[in-house]
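Take a look at the structure set out below.
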Amino acid sequence: MMNNFYTTCSDENILALISEQDDELAFAELYDRYFKTLFNYAYSKVNDRFTAQEIVQELFVSLWQQRRQNQVQCGRSFLFTMAKRLIISFYRKEYTRQHHYGQWEIHRSETSEFADQPTLASDLQNRYEEGLHLLSPKCHEVFTLSRQGFSNKQIGEQLNISEKTVEQHITKALRILKEHLKEHMICALIVFASF
């Protein structure tokens with residue numbers, strides 16, 4: 001008999017009983033009336049059954065927790081407005097989560113690139129030193145001095161050779177090293193472009 005009383009009540013009367021008298025049976029009636037409809041509405045917006053169910057559950061929990069604050073004119077539109085707000089809130093959180101995940105992915109890939117750089121630099125250094133051993137002793141000496149910042153004139157005076165000979169040794173050294181390092185050139189560009 002009591003349940004019949006609730007089934008004949010309007011939504012507004014049900015909401016009034018909930019907010020004014022903390023009526024749990026009225027709340028159960030409202031839940032039974034609207035759960036499926038609100039679930040279908042939420043599902044049509046989020047396209048995920050679990051999320052839609054969570055939204056509707058959150059709606060009813062919130063409704064009960066804030067029952068004293070609700071001044072309702074039209075029960076149905078009130079419930080759908082609540083559902084709409086929760087769906088918007090879900091998409092905001094989802095956007096933020098996706099954005100942060102995207103940033104994390106970018107950071108992770110950049111970090112792994114930088115983590116590989118010491119290895120690339122080390123390989124390149126080894127290859128460069130191998131290349132230096134391919135040079136004749138005089139060519140090696142001239143090239144090493146040029147990399148230490150000595151001018152061609154200073155190297156010529158130090159080794160008692162002409163500036164022209166110094167240039168020829170440097171040109172030859174660069175050609176041999178370039179050939180030796182050719183397969184590592186892409187790695188070199190990647191490593192040095194980031195410095």
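Just so you know, these numbers use all the heavy atoms, side chains as well, and skip hydrogens, waters and symmetry mates. The model shown is predicted, which means the values in this text are computed figures rather than measured ones.
A distance-only check finds a donor-acceptor pair linking the side chain of Thr171 to the backbone of Glu167 [under 3.5 Å]. Under the 3.5 Å distance criterion, the side-chain polar atoms of Arg175 are left unmatched by any main-chain donor or acceptor of Lys172.
Distance CD1/Ile161 to CD/Gln168: 9.5 Å, rounded to 0.5 Å. With values rounded to the nearest 0.5 angstrom, Thr165 atom OG1 is found 11.0 Å from Ile170 atom CD1. In this structure, CZ on Phe78 lies 11.5 Å from CG on Asp11, to the nearest 0.5 angstrom. The distance from atom CG of Leu25 to atom CD1 of Ile18, rounded to the nearest 0.5 Å, is 10.5 Å. Interatomic distance, CZ of Phe60 versus OH of Tyr34, reported as 9.5 Å (0.5 Å rounding). Atom CZ of Arg92 and atom OG1 of Thr96 lie 9.0 Å apart (nearest 0.5 Å).
Grouping the Ile, Leu, Val, Met, Phe, Trp and Tyr side chains by contacts below 4.5 angstrom, directly or via other members, places Ile88 apart from Val56.
In this structure, the side-chain contact (heavy atoms from CB on, under 4.5 Å) partners of Lys93, at least two apart in sequence or on a different chain, are Ser89. Residues that satisfy the ring pair (Phe, Tyr, Trp, His ring centres under 6.0 Å) test with Phe35, not counting sequence neighbours, are Tyr31. Leu86 meets the side-chain contact (heavy atoms from CB on, under 4.5 Å) test with Ile55, Glu58, Leu59; sequence neighbours excluded. Residues passing the side-chain hydrogen bond (donor to acceptor under 3.5 Å, both in side chains) test with Thr37: none are found, sequence neighbours excluded.
Considering all non-hydrogen atoms of both residues, Leu38 and Ala83 come closest at CD2-CB, 4.1 Å. Residues Leu17 and Cys9 come closest through the heavy atom pair CD1-SG, 4.5 Å. Across all non-hydrogen atoms, the minimal contact from Lys138 to Leu159 is NZ-O, 4.3 Å.
The list of side chain to side chain donor-acceptor pair (under 3.5 Å) pairs with a residue in residues 38-49, not counting sequence neighbours, reads Asp48-Thr51. Among residues at least two apart or in separate chains, side chain to side chain donor-acceptor pair (under 3.5 Å) pairs with a member in residues 146-159 are Ser151-Gln154.
Residues Thr7 and Asp32 have side chains not in contact (no heavy-atom distance under 4.5 Å, counting atoms from C-beta outward). Residues Glu29 and Asp23 are not in side-chain contact: their nearest non-hydrogen atoms beyond the backbone lie 4.5 Å or more apart. A 4.5 Å side-chain heavy-atom check between Tyr6 and Leu30 finds every atom pair outside the cut-off. Proximity of Phe90 to Glu54: side-chain heavy atoms (C-beta onward) are nowhere separated by under 4.5 Å. By the 4.5 Å heavy-atom criterion applied to side chains, Phe143 and Leu174 are counted as neighbours. Contact check for Ile155 versus Glu141: no side-chain heavy atoms found under the 4.5 Å cut-off. Phe27 places a side-chain heavy atom less than 4.5 Å from the side chain of Leu63. Residues Val166 and Leu145 fail the side-chain proximity criterion, which asks for heavy atoms closer than 4.5 Å.
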- Task: Please test Lys36 against Phe39 for side chain to side chain contact (heavy atoms under 4.5 Å, CB included), starting from the C-alpha separation and ending with a verdict.
- Result: CA-CA 5 Å; Lys36 193 170 183 180; Phe39 170 82; 5.6 Å; no
- Kindly determine whether Arg68 and Ser19 satisfy side chain to side chain contact (heavy atoms under 4.5 Å, CB included), including the steps that lead there. CA-CA 5 Å; Arg68 300 271 177 193; Ser19 65; 5.9 Å; no
